[in-house]
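Notes for the one structure printed next.
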Amino acid sequence: MSNSKFIHIAEVIEQKIETGEFPPSSKLPTHRLLAKELGTTPATVAKAYKLLNDKGCLESFIGRGTFVRANSELDKAIQAPDKEENYNFSILQPCLERNVPALKNAYRQSADLLTSDVVGYIEHSGHDAHRAAGVKWAEKYGLEGANSGNMLLTNGAQHALSLLIDALTKPGDTILVERLTYPGILAIVNMSDRHVIGVDLDEYGLCPKALASEIDAHQAAMVITVPSHQNPTGLSMPESRKKEIAQVINDKRVWLVEDDIYCFLDDEPIPPIANFAPDYTFHISALSKAISPAMRCGYLKAPESQITALNANIRTNIWLASPINFIAATLLIESGDAFRLADQQREVANERQKMVREIFTSIEFTASGYHIWLPLPAHWQPDRFAMEAKNRGVIVTSGSYFCANNESTPHVRLSLMSIGNETRLRDGLNQLQRLLDSDINGFFPY
């Protein structure tokens, strides 16, 4: 009976974690206290906690207690497509079917360019021609001051983020991010043993006064921001706000990482923060959101003072980003196809934003680019809503994965682009609308 009881207790706790009753990073009751509440022994509770520790749901610290493991696991927040019958609203990517013909053509042409000089080891982070293509891509969307010497090549934007955190900060340092931010950033920071603090947002994005205050309060080593079509809130900084943020960065002399991968979704280019704080800003652009995440082509414009150190870090860890992908990327950029595909994806996103407004008529929400940040009715908790949606074959991302300060937010994020077929997209959105209108209250007895 003891064995079955501790397993049952573990299952109940796990359900409470999934529904948000025990939120990420919350402290669980002591063995003795929970045992008294459940009418069992501390030893039985200890077995349940150990089982959940082994499954990765909990983490225990001597002298501090047992806590729910923070929700930064990307495999839970962003689920790759698996079953064709599922409606997957969890992953931000372009409508890939529209880009495949141009991708096939670029890779076919790439085969003729695979000479021994191209596919061998080289100095720095990649070939001059490939870095020059990155300059052309970023300049199209407003970046100034880039050249083939200060533009580095990375294995996508996520690698660029990891590279900068590793090269410019050390374990124990504090990194500031938006209060609601992309879980990939949180995953890197948490895995690298840095502290993360979320900075307040307003209608224009990151708040300059709050940023300056947090830099001073925590002696922050780095700030990371997504300035355009921010993930998850959808906020975009106007030029005036970017200049205010740049002023704070210049005054405080702290590193800024500008993750600008959604800049192509702006109707007109808006100058990036890097233009106004070039000595302290690392500007990241990439082809993953406009062309294909599988290309793994990231472009990192760095301050001149850090080029040598970053090249050394890239060489030590991966030697260089694969030139084979950058051959295809360069062909797409030089031919103009990359910009044509990006424009097409922006048009598709705008049409899908109109569709979602037609369906979710009773809710005010933030809509921008590839996704919407959807507030939930009062009777829905985000983790529980995501679980109930999944039971219906609809995959959404709970707002809890985006909270840098382990607070709660009554939202879910919906990607509008990963479902290629518009009829299926509309069907999935209608299912979510029906679920929003329903009132399902779960109860898990001990």
Side-chain angles (χ1 to χ4, degrees), residues 1-79 82 90 171-172 183 186-187 189-196 376 378-412 435 438-446:
M1 180 171 179
S2 176
N3 282 345
S4 62
K5 191 167 188 178
F6 90 80
I7 292 173
H8 175 66
I9 291 171
E11 290 173 346
V12 169
I13 294 171
E14 191 169 10
Q15 285 178 320
K16 288 179 178 291
I17 292 171
E18 290 179 354
T19 60
E21 187 173 341
F22 290 160
S25 299
S26 63
K27 186 176 181 179
L28 295 186
T30 64
H31 298 169
R32 188 175 299 280
L33 185 61
L34 189 57
K36 182 178 180 181
E37 181 180 343
L38 301 181
T40 186
T41 66
T44 302
V45 172
K47 288 182 179 180
Y49 279 10
K50 183 180 185 306
L51 178 61
L52 292 173
N53 264 287
D54 293 342
K55 292 179 67 175
C57 299
L58 305 179
E59 51 188 349
S60 299
F61 304 92
I62 296 175
R64 290 177 54 203
T66 300
F67 297 79
V68 178
R69 189 176 295 275
N71 283 339
S72 62
E73 300 95 331
L74 289 179
D75 61 338
K76 294 181 181 178
I78 304 170
Q79 300 182 34
D82 51 3
S90 76
L186 298 178
V189 175
N190 290 333
M191 288 183 65
S192 60
D193 196 27
R194 275 67 165 172
H195 300 301
V196 63
L376 298 175
H379 61 271
W380 276 115
Q381 188 276 340
D383 288 345
R384 181 59 189 272
F385 182 86
M387 183 176 69
E388 291 293 343
K390 187 174 183 179
N391 290 339
R392 290 158 173 75
V394 183
I395 313 299
V396 303
T397 305
S398 166
S400 63
Y401 290 102
F402 302 91
C403 297
N405 295 333
N406 295 320
E407 55 198 347
S408 60
T409 180
H411 294 78
V412 293
L435 184 58
S438 67
D439 188 357
I440 300 176
N441 295 306
F443 175 71
F444 299 107
Y446 287 112

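Side-chain atoms are counted along with the backbone in the values below, which use heavy atoms only and exclude waters and symmetry mates.
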Are side-chain heavy atoms of Tyr49 and Leu34 found at a separation under 4.5 Å? yes
Look up atom CE in Met387 and atom OG in Ser398, then write down how far apart they are to the nearest 0.5 Å. 11.0 Å
What are the two closest non-hydrogen atoms of Phe6 and Ala48, and how far apart are they? O-CB, 3.5 Å
Which pairs with one or both residues in residues 393-412 pass salt bridge (charged side-chain N to carboxylate O under 4.0 Å, His left out), sequence neighbours excluded? Arg179-Glu407
Any side-chain heavy-atom pair from Phe402 and His411 closer than 4.5 angstrom? no
Working to the nearest 0.5 angstrom, can you tell me the gap between Lys5 NZ and Leu38 CG? 7.5 Å
Would you compute the distance between atom NE2 of His195 and atom CG of Asn190 and round it to the nearest 0.5 angstrom? 10.5 Å
Non-neighbouring partners of Pro410 that pass side-chain contact (heavy atoms from CB on, under 4.5 Å), sequence neighbours left out: none
Pro42 and Arg32: which non-hydrogen atoms are nearest, and at how many Å? CG-CA, 4.1 Å
Shortest non-hydrogen separation from Leu51 to Ala10 and the atoms involved: CD2-CB, 3.7 Å
Only counting residues at least two apart or in another chain, list the ones meeting side chain to side chain donor-acceptor pair (under 3.5 Å) with Lys36. none
According to side-chain contact (heavy atoms from CB on, under 4.5 Å), who are the partners of Ala389, at least two apart in sequence or on a separate chain? Val394, Val396, Leu432, Leu435
Checking side chain to side chain contact (heavy atoms under 4.5 Å, CB included) for the pair Leu58/Val68: CA distance, chi angles, key distance, verdict? CA-CA 5 Å; Leu58 305 179; Val68 178; 4.3 Å; yes
Applying side chain to side chain donor-acceptor pair (under 3.5 Å), can you list everything that pairs with Glu11, at least two apart in sequence or on another chain? none
Between Arg392 and Glu388 (side chain of the first, backbone of the second, donor and acceptor by atom type, cut-off under 3.5 Å), is there such a pair? yes
Residue pair Cys403 / Ser408: nearest heavy atoms and the distance that separates them: SG-C, 4.4 Å
Listed partners of Thr41 passing side chain to side chain donor-acceptor pair (under 3.5 Å), at least two apart: Thr44
Is Tyr401 close to Leu186 at the side-chain level, that is, under 4.5 Å between some pair of heavy atoms? no
To the nearest 0.5 angstrom, please state how far the CG atom of Leu52 sits from the CG atom of Leu28. 8.5 Å
State, to 0.1 Å, how close Thr409 and Ser400 come at their nearest heavy-atom pair, and which atoms those are. CG2-N, 4.5 Å
Heavy-atom closest contact (Gln381 atom, Leu376 atom, distance): C-CD1, 4.1 Å
Could you work out, with side chain to side chain donor-acceptor pair (under 3.5 Å) as the rule, every residue matching Asn53, not counting sequence neighbours? Ser60
